[in-house]
Amino acid sequence: RRWSTFKWFYRTQVTNKPSFVTTLQNDVTTTLNALRDVPLLAHDFQIIIDAHGNIHQFDLDRVFLGSLYKQDYFQQKFAKNYDGSVGLLERLATWSHGEQQHIHKNMEDGDGKDENNIEDEKMDTTKKSSSERNGKNVLSHFLRNSTSLSCRAVDAVTKMSGTMMLAEENKEEETRETNHDAKLMMVHLVQKIMLSDDDKENDGDGMRNCSIL
């Protein structure tokens with residue numbers, strides 16, 4: 001349904017289609033890089049595409065807040081969310097590339113090939129890239145190291161996870177412990193934000209020997 005909405009939006013609301021497609025291509029690449037760099041953004045992934053092809057992300061604090069971290073089956077839900085988010089962006093990337101070629105071809109020789117057929121071909125191409133995205137592999141990569149963590153990062157995430165569910169109406173959820181794997185992924189993220197790439201051995205205080213129990 002959302003793909004049909006996007007195609008309707010492109011046909012009826014976009015006035016400068018060549019510029020839209022070029023901008024969308026660039027923003028899709030940037031958004032994919034952000035998602036692959038911060039996989040937790042896949043949780044409740046939300047974007048808006050404007051009439052100029054710009055992609056806007058919002059509610060970025062969902063990486064540190066949200067009920068996903070308090071739910072059971074975090075691993076399965078993360079993998080599904082990640083695969084779905086990357087799949088959507090890859091589909092946009094494939095579509096924009098094909099549409100750009102279609103526009104250029106029309107400019108060169110006035111080819112009037114039906115737009116729907118063009119889109120069907122691009123959808124088939126998108127399916128071929130599905131093997132390149134795998135949330136389970138991403139999860140495995142982040143969970144491989146549960147020791148030698150920054151003590152500051154562990155402490156920061158522990159404090160954050162203690163207040164995650166205060167806004168929820170269900171009082172039982174407030175006391176449920178944060179999922180271990182979700183917490184570990186958050187620690188790696190906070191560690192990446194707090195520490196420079198060059199500081200791989202410690203976090204400045206010589207405290208890079210903590211773990212999550």
Side-chain angles (χ1 to χ4, degrees), residues 1-63 65-69 71 73-139 141-142 182 185:
R1 182 178 178 181
R2 61 187 177 184
W3 190 249
S4 298
T5 301
F6 169 75
K7 290 190 291 184
W8 171 86
F9 170 77
Y10 177 71
R11 289 195 304 266
T12 63
Q13 305 298 314
V14 175
T15 56
N16 188 337
K17 288 179 170 54
S19 177
F20 175 92
V21 170
T22 299
T23 301
L24 182 63
Q25 279 186 311
N26 294 333
D27 274 26
V28 164
T29 299
T30 300
T31 307
L32 269 171
N33 289 337
L35 189 59
R36 287 164 175 159
D37 201 40
V38 186
L40 286 173
L41 285 172
H43 169 45
D44 195 20
F45 185 66
Q46 302 174 67
I47 59 173
I48 292 178
I49 302 174
D50 65 26
H52 302 288
N54 299 297
I55 293 179
H56 306 273
Q57 294 194 62
F58 54 100
D59 291 345
L60 295 179
D61 59 350
R62 68 184 182 276
V63 173
L65 306 172
S67 59
L68 179 68
Y69 303 130
Q71 294 176 355
Y73 310 111
F74 166 80
Q75 296 86 344
Q76 295 90 326
K77 291 177 180 178
F78 168 80
K80 181 179 179 180
N81 290 338
Y82 184 84
D83 290 349
S85 300
V86 173
L88 172 64
L89 291 170
E90 287 182 341
R91 189 175 189 180
L92 284 170
T94 301
W95 176 88
S96 60
H97 176 71
E99 185 64 19
Q100 187 176 61
Q101 290 182 325
H102 179 56
I103 291 173
H104 288 168
K105 184 174 179 62
N106 281 347
M107 290 179 176
E108 291 175 357
D109 56 21
D111 185 2
K113 189 172 183 179
D114 182 74
E115 182 178 338
N116 291 325
N117 292 334
I118 292 287
E119 290 168 350
D120 288 341
E121 292 174 4
K122 289 186 284 256
M123 289 181 195
D124 291 338
T125 303
T126 302
K127 295 177 182 178
K128 297 178 183 179
S129 65
S130 61
S131 61
E132 299 177 4
R133 58 178 187 272
N134 191 318
K136 291 182 180 180
N137 290 342
V138 173
L139 188 65
H141 172 75
F142 272 81
M185 287 192 74

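Since we're looking at a predicted model, the values are computed, not measured.
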When rounded to the nearest 0.5 angstrom, what is the spacing between [atom1] in [X] and [atom2] in [Y]?
X	Y	atom1	atom2	value
F6	W95	CZ	CH2	4.0 Å
T31	N26	OG1	CG	10.5 Å
I49	N54	CD1	CG	10.0 Å
Q25	T94	CD	OG1	10.5 Å
L41	R36	CG	CZ	13.5 Å
E99	L92	CD	CG	12.5 Å

Between [X] and [Y], which heavy-atom pair has the shortest distance, and what is it?
X	Y	answer
V138	F78	CG1-CZ, 4.1 Å
S85	A42	OG-O, 3.6 Å
V28	A93	CG1-CB, 3.7 Å
M185	L139	SD-CD1, 3.4 Å
S96	V21	O-CG1, 3.1 Å

Excluding sequence neighbours, so at least two apart, what forms side-chain hydrogen bond (donor to acceptor under 3.5 Å, both in side chains) with [X]?
X	result
Q57	none
H56	D50
D44	Q46
D37	K192

Worksheet item: S19: what forms a side chain to side chain contact (heavy atoms under 4.5 Å, CB included) with it, not counting sequence neighbours?
Response: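 Expected list: N16, T23.
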Fill in: With sequence neighbours excluded, residues passing side chain to side chain contact (heavy atoms under 4.5 Å, CB included) with K80
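Once residues adjacent in sequence are excluded, K80 has no partner under the side chain to side chain contact (heavy atoms under 4.5 Å, CB included) criterion.
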Is any side-chain heavy atom of [X] less than 4.5 Å from a side-chain heavy atom of [Y]?
X	Y	answer
Y82	K136	no
L89	F45	yes
P18	M107	yes

Worksheet item: Run the side-chain contact (heavy atoms from CB on, under 4.5 Å) check on K105 and H102 step by step: do they pass?
Response: CA-CA 5 Å; K105 184 174 179 62; H102 179 56; 5.5 Å; no
Worksheet entry | N/O donor-acceptor pair under 3.5 Å between N81 side chain and H43 backbone |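 No; zero donor-acceptor contacts below 3.5 Å.
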Item to complete: Give me the ring orientation class for F20 and Y10: parallel if the planes are under 30° apart, tilted from 30 to 60°, perpendicular past 60°.
Response: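 Aromatic pair F20/Y10 classed tilted.
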